[in-house]
Asker: 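There's a structure below that I have some questions on.
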Amino acid sequence: QVQLVESGGGLVQPGGSLRLSCTASGSIMSINDMAWYRQAPGKERELVATITSGKSTNYADSVKGRFTISRNNAKNTMYLQMNSLKPEDTAVYYCNADLRRRYSNDYHAYWGQGTQVTVSS
């Protein structure tokens, strides 16, 4: 069974920082693209940042300059460093990975359960 597990969420004040992590485990052959999504109450899930296996990155305009996505391929782990946090960043943050299982011919998307980030004074 392949699993993605997020950690690092919590309550922070505006202007504060938080680092999220996502670790993939199980019978994994390789991981292609990975991404962070978030969903605030009453809103659709939105793409926050993406990172390829070669570590090329892209960011949503709303987080550009404040968030940094990274990954450690040897550990099957992805990170999201969040700085200068704003109340509008409050959401459940989800890890997504396009990965290939051992003995599989193709890639499939997997999701973590999410971790809550709350930015409030």
Asker: Do M82 and S17 come close enough that some side-chain heavy atom pair is under 4.5 Å?
Answerer: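 When only atoms from C-beta onward are counted, S17 and M82 do not touch, as no gap falls below 4.5 Å.
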
Asker: Going through the distances and angles, do S104 and D106 end up as a side-chain contact (heavy atoms from CB on, under 4.5 Å)?
Answerer: CA-CA 6 Å; S104 177; D106 56 359; 3.2 Å; yes

Asker: I need the minimum non-hydrogen distance between T77 and S21, along with the two atoms involved.
Answerer: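 Minimum heavy-atom separation between T77 and S21: CG2-CB, 4.5 Å.
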
Asker: I'd like to know whether NZ of K75 has more than 12 heavy-atom contacts from other residues, nucleotides or ligands below 6.0 angstrom.
Answerer: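 Incorrect, the count does not exceed 12.
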
Asker: Has the side chain of E6 got a donor or acceptor atom that lies under 3.5 Å from a matching backbone atom of G114?
Answerer: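 Looks like yes, one N/O pair under 3.5 Å.
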
Asker: Please report the closest heavy-atom contact between A24 and L4, naming both atoms and the distance.
Answerer: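 That would be CB-CD2, 3.2 Å.
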
Asker: Do you know which two heavy atoms are closest between P14 and S121, and how far apart they sit?
Answerer: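 In this case the closest contact between P14 and S121 is CD-N, 3.7 Å.
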
Asker: When you measure from the centre of the six-membered ring of W36, is the NZ or CZ of R19 under 6.0 Å away and within 45° of the axis?
Answerer: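 No - R19 does not lie over the ring of W36 by the 6.0 Å and 45° rule.
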
Asker: Near Q113 CD, under 6.0 Å, is it more than 12 heavy atoms from other residues, nucleotides or ligands?
Answerer: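 Check fails, neighbour count at 12 or below.
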
Asker: Can you tell me how far the CG atom of L80 sits from the SG atom of C22, to the nearest 0.5 Å?
Answerer: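 SG of C22 is found 10.5 Å from CG of L80.
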
Asker: Could you tell me whether R38 sits above the aromatic face of Y94, with NZ or CZ closer than 6.0 angstrom to the six-membered ring centre and within 45 degrees of the axis?
Answerer: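 Judged by the rule (NZ or CZ under 6.0 Å from the ring centre, within 45° of its axis), R38 is not positioned above Y94.
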
Asker: Is there a continuous path of hydrophobic side-chain contacts, each under 4.5 Å between heavy atoms, that joins I51 to Y37?
Answerer: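 No, I51 and Y37 fall in different hydrophobic clusters.
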
Asker: Write down the atom of W111, the atom of N96, and the distance for their closest heavy-atom approach.
Answerer: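 The answer is CE2-ND2, 3.2 Å.
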
Asker: Going only through I, L, V, M, F, W and Y residues with side-chain contacts under 4.5 Å, is there a path from V2 to M78?
Answerer: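 Same hydrophobic cluster.
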
Asker: Looking only at atom types and distance, does a side-chain atom of N73 sit under 3.5 Å from a main-chain N or O of S53, one as donor and one as acceptor?
Answerer: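 Judged by distance alone, yes, a pair lies under 3.5 Å.
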
Asker: Walk me through it: do D98 and M34 pass the test side-chain contact (heavy atoms from CB on, under 4.5 Å)?
Answerer: CA-CA 6 Å; D98 189 30; M34 301 183 78; over 6 Å; no

Asker: Would you please test D61 and K64 for salt bridge (charged side-chain N to carboxylate O under 4.0 Å, His left out) and show each step?
Answerer: CA-CA 5 Å; D61 289 341; K64 199 169 298 182; 3.2 Å; yes

Asker: Linking I/L/V/M/F/W/Y whenever any side-chain heavy atoms sit under 4.5 Å apart, do V12 and V63 land together?
Answerer: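 In one cluster with V12: V63, yes.
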
Asker: Is it true that a side-chain atom of T50 and a backbone atom of A35 form a donor plus acceptor pair closer than 3.5 Å?
Answerer: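 Absent.
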
Asker: Nearest 0.5 Å please: distance from the OG1 atom of T57 over to the CZ atom of F67.
Answerer: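 Here the interatomic distance stands at 14.0 Å.
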
Asker: Can a donor-acceptor pair be found, under 3.5 Å and without considering hydrogens, that links the side chain of Y110 to the backbone of C95?
Answerer: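 Side chain of Y110 to backbone of C95, a donor-acceptor pair under 3.5 Å: no, none is there.
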
Asker: With a 4.5 Å heavy-atom cut-off, do Y79 and I69 have their side chains touching?
Answerer: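 No, too far: nothing below the 4.5 Å cut-off.
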
Asker: Can any side-chain N or O of T115 pair as donor or acceptor with the backbone N or O of G9 at less than 3.5 Å?
Answerer: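 A pair under 3.5 Å: yes.
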
Asker: Counting only N and O atoms by type, is there a donor-acceptor contact under 3.5 Å from the side chain of R71 to the main-chain atoms of T52?
Answerer: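 Side chain of R71 to backbone of T52, a donor-acceptor pair under 3.5 Å: yes, one is there.
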
Asker: Going by heavy atoms in the side chains, are L85 and Q13 under 4.5 Å from each other?
Answerer: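 No, every pair of side-chain atoms sits at 4.5 Å or beyond.
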
Asker: Please report the interatomic distance CD(Q1) to OG(S27), rounded to the nearest 0.5 Å.
Answerer: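 The OG atom of S27 is 9.5 Å from CD of Q1, to the nearest 0.5 Å.
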
Asker: To the nearest 0.5 Å, tell me how far Y103 OH sits from M29 CE.
Answerer: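 These two atoms lie 7.0 Å from each other.
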
Asker: Set out, in order, the CA-CA distance, both residues' side-chain angles and the distance that settles side-chain contact (heavy atoms from CB on, under 4.5 Å) for L99 and N32, then state yes or no.
Answerer: CA-CA 6 Å; L99 62 84; N32 194 18; over 6 Å; no

Asker: Let's go through L11 and S120 carefully: what are the C-alpha distance in whole Å and the side-chain angles of both, what is the deciding distance for side-chain contact (heavy atoms from CB on, under 4.5 Å) to 0.1 Å, and is it a yes or a no?
Answerer: CA-CA 7 Å; L11 174 64; S120 176; 4.3 Å; yes

Asker: When you compare the side chain of H108 with that of R100, does any pair of heavy atoms fall below 4.5 Å?
Answerer: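 Contact flag for R100/H108 side chains = no.
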
Asker: Between the side chains of Y59 and T68, does any donor sit under 3.5 Å from an acceptor?
Answerer: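 No - no donor-acceptor pair under 3.5 Å links their side chains.
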
